[in-house]
Structure formats: C-alpha cells, structure tokens
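Okay, so here's the structure we're looking at.
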Number of protein chains: 2
Amino acid sequence: MLPFSSSSTAPRVGLIGFGAFGQLIARNLAAHMQVVVHDPAQPPKAPARVRFSTLEDACSCPLVILAVPVSSISDVCQRIASLLAVGATVMDVGSVKLRPMQDMETHLPAHVNILGSHPLFGPQSAKDGLAGHKIALCPQRGRTHWRIAAALRSLFGLQVIWTTAEDHDREVATVQGLTHLIAQTLSQILPEKLRMTTSSFDHLLEARRMVSADAPAVLDAILRDNPFAAEVRADFLSRAAQLAAGPAPIEKGPRQMAGL
Amino acid sequence: MLPFSSSSTAPRVGLIGFGAFGQLIARNLAAHMQVVVHDPAQPPKAPARVRFSTLEDACSCPLVILAVPVSSISDVCQRIASLLAVGATVMDVGSVKLRPMQDMETHLPAHVNILGSHPLFGPQSAKDGLAGHKIALCPQRGRTHWRIAAALRSLFGLQVIWTTAEDHDREVATVQGLTHLIAQTLSQILPEKLRMTTSSFDHLLEARRMVSADAPAVLDAILRDNPFAAEVRADFLSRAAQLAAGPAPIEKGPRQMAGL
C-alpha cells in the first residue's frame, strides 16, 4: 500500500498534469486514494474524488506522479524540486525512460525517491480498466518502488515488469516505435471506406484506432525521444523496401499444379 | 442451391487443387455436397465425404472450383477446357482477379459459365467456420452466379460482395498488399521474445500470425500478380519514410506544461 497522509485515512497522491493520460490515471487512482491534481490548463470541474489545487499542494503528497510530456520533465523537476517533502517519491509515466530519468536524477533533491515508470496502456486500451495491463518500472533512487509495485498489482491488477531505462528504451523502440510508424502511415494512405477487408487487416485497423487517441506529445516521445527508435524504423523500412522490390519469382512446385 | 447431379441427391462439386486453401474449401463443402477432388499431390487418404479422383471426373461436375495458384490458372484452364460439361460453371478463388479472369475467358470454351471469386479468409481466420466471413464475386460469363451466391450465403453464412476484377484488385492491393508487406517485414525484424508489449502491438502480432499460414503462392499473387500492389507499397514506404525522417519538433502548447 502507498503511504497514508496524516490528514485522512486514504493516501494522498499528487498528480502533475491533466492531459489524456493524467485523466486516465486520476480516474483509476480516485477509487483508492485522494488525488490532488495540478495543471495550469485544468478543466472547470474536477471529477469525483479528484481535487484541483496548487502546485505546492500536489507536491506535498508522499507520492507525486508526473504526467507531463517527456520533453517537459526537466522543466517540471526544476520547478518542483524545492516543494517536495523529505522521503517523497517522484514517478514519471513517460513512453521513454533514459532521458526523463536522467532529468529527474539531475534536478530532484537527494531527499526524494525516484521511480521511472511506463504504463504500457493508454486511454483507448485501458478504457474498461487497468486489470491485466502492463507497467514497466525502472527503480532509480530509494526503495519505495517495492511498496508502489505491490499497490499497482493489488489495487489495479497491473502486471509489473522490472527493467532498466536502457533495456526499456531498446525494446519499446521496437514495440511502440513500429506500432506508431505503421499506424500513422496507414492513417495517411487508407481510403475512407474499404469493403473487401480481411480479418488480419481488421487487426491493423484496430491497432491504428487504439493509438489514434494518443496525444501528439506521446507520438513525439516515441518517435523522437527514444534514442533507439531511428535505428528500428530504418531497419523496418529497409526490410520492407526489399520485400516490396521482391525476390526473383518463386520456383513453382507440385503444390502449384505445374505438373497437372 | 447448387445444381444436383443425376447420380445422387447431394450436389457434386469438382475441386482442382488440394493445397491449404483447397483443403479448407473441401472441409466446408463436404457438409453439404459431394466433393470430387483432383490434385496430383493428393494425400494418401481422403477426409470424410471427400473423394479423390481423376481430372476427368472432377471436371464432369456442374461446378468446378480451381483452387490453384493464380500463376497456374492459364495452364489448368487449357488442360481442362475439353473436359468440362455444357453449362458447367468454373470458379477460381485467387487473391487477384484481373489476370486469372482473363486467363479463364481466353481458355475456357464458350459453353461454360465463368465466375471469379476471392474468399477474403484463409486457413487461420476461418479455422472455426466460414460464417460472417466475406467473399468477393466477379461475374464473368453466364448467370449461374446468382444461384452460387445464394448457396454461399444460405449454406455457409458468407457475406457476398459483388465487384469487378479491376475494382477488386485496386482495393485488395491496399488491404492484402499492406497487410502482407507489414506482416512479412515484422516477421523478419522482430526479436524472439518481447516483454513490454502493448495492446495495439498485440494486434500487429495477431495480423502477422494470421497471414503466416498463407502459402508462398498466395503471397506471390498478392505482392506480384496484383497490378496495383506496387503503387500501394511505394506509397506506404514513402509516407512511412517521411514520418520516420520526422517533422520539425512540435511547438509545445499549454497541455505540455511549458507554462507551469
């Protein structure tokens, strides 16, 4: 379980950022915790059990989740560094881990714990709940990650994958890098309506639909901020171009009725 | 319903070719018809209600289905031309339609009907049955296609899509051309095991799994024999390369907490 605050029986969690992913987090956390959200662009009305507040208030929680773009982590860490409580844990949720974890390490004071995380789901895939989805955790500083992992498992049914920032970024360059490259390309070239679809093509369309709800900043992180993504994309494109250019025509065997 | 033969109450259907797709057809037809199969590479034992026989016997049926590679249609039609009964219908099942339908038109005698078809399913996607799957039909010669379409709907629950060879090939160049290009490329570059997968990536893997059972000749037809496939592939590759090269970094808006 997460640490309880002194003022209530339900643990307090600070959430910095209330974009599409911040809202998904808030909705799920609110069943078990008091969620204190700070976002300059907050909507006029907070959802049930979610409270909008000042940056200072959100940063006073024992756990502070940064649901901001990877490219903003450095700025946000510098801004919140002096507001964090001794022993608090700061956790990001970025789609890459090397860069934001370096930023957190550089800018957060020595008295806070740091945990890198990448929830491997989004507003589309987790619209019916988090159970069964995966989250990658990269412990960086302190030992609170054990308690947090236990809560992610027991309260939300998440599958925790322990990894390092580098191993994460290498693997996700393939998984998310290719999914988004393929999905974005399909979005650009597919006609409005197709009648003669196959089951396998329907799976491509479903992959495209699921990632189409991701914020532009998510795509940006996946395609640009992952240091291994360019290499994976180049490999995919070069193999695909080879296949498209094609081998010599296949020798016809007996299965192909040449001997009929 | 299909026309009944004189020797039995169940209609006789000739099936030329017993590869992966021919076997799928035979298994489904056998519940309703007598299936007379000819294939030089036939297995030692016929499945229930399926009978292996001579080419002459198979060609004596009122409906003759050619389950052979697109590249063999011309040869097969020349071979069977003199064996077909007056008023018989010849139907192919190729993944492209322009070329095999031209071959059938050229080589089959004037006294047979010709129907081009493309079942939009395969051994993987239809392993639990045909109901709900799609089949594209391109009527070419005669009027037996109405009866055949009615039987495909009522006996097998198939969704019939009427189209022309050219419209079919244009649309399928996108649907199957891209599915197979993406699936084959993923097969070449993906590592053995990935832990940090997302739901959308799982859909890509499922698309890949489904087409991996297709025979090499099917891939050949989709990638090489469709006159529109090269253009679609080139478009996909050029758009993907543009995305991979990337636009200038996105301007950061308020959602990205720059003003925090």
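Just so you know, these numbers use all the heavy atoms, side chains as well, and skip hydrogens, waters and symmetry mates. Per chain, numbering begins at 1; letters A, B, ... match sequence-line order.
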Flag if over 12 foreign heavy atoms under 6.0 Å of CD, A:E56: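 More than 12 within 6.0 Å, yes.
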A:Q188, CD: over 12 other non-hydrogen atoms inside 6.0 angstrom: yes
Quick check on the interface: out of [options], who has the most heavy-atom pairs with chain B under 4.5 Å?
options                        : value
A:L194, A:D202, A:T185         : A:T185
A:V172, A:V232, A:I182         : A:I182
A:A230, A:A234, A:S125, A:A244 : A:A244
A:G177, A:S199, A:P191, A:G122 : A:S199

Please classify the contact of [X] with chain A as side chain, backbone, both or neither, using a heavy-atom distance under 4.5 Å.
X      : answer
B:H133 : side chain
B:F236 : both
B:I135 : neither
B:Q124 : neither
B:A240 : both

Main-chain N/O of B:S187 paired with A:R239 side-chain donor or acceptor, under 3.5 Å: no
Part of A:A241 within contact of chain B (heavy atom distance under 4.5 Å):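 For A:A241, the contact with chain B is made by backbone and side chain together.
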Part of A:R233 within contact of chain B (heavy atom distance under 4.5 Å):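 The answer is the side chain of A:R233.
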4.5 Å side-chain heavy-atom contact, B:T198 and A:M210: no
B:L181 side chain reached by A:L243 side chain, heavy atoms, under 4.5 Å: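 They are in side-chain contact.
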Aromatic ring pairing B:H203/A:H203, orientation class (parallel under 30°, perpendicular over 60°, tilted between):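 Tilted: the ring planes of B:H203 and A:H203 meet at 30° to 60°.
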Based on non-hydrogen pairs under 4.5 Å, which of [options] is most in contact with chain A?
options                        : result
B:L190, B:D167, B:T163         : B:T163
B:R195, B:Q176, B:H180, B:K134 : B:R195
B:E171, B:Q159, B:H118         : B:E171

Shortest non-hydrogen separation from A:V175 to B:F201 and the atoms involved: O-CD1, 3.4 Å
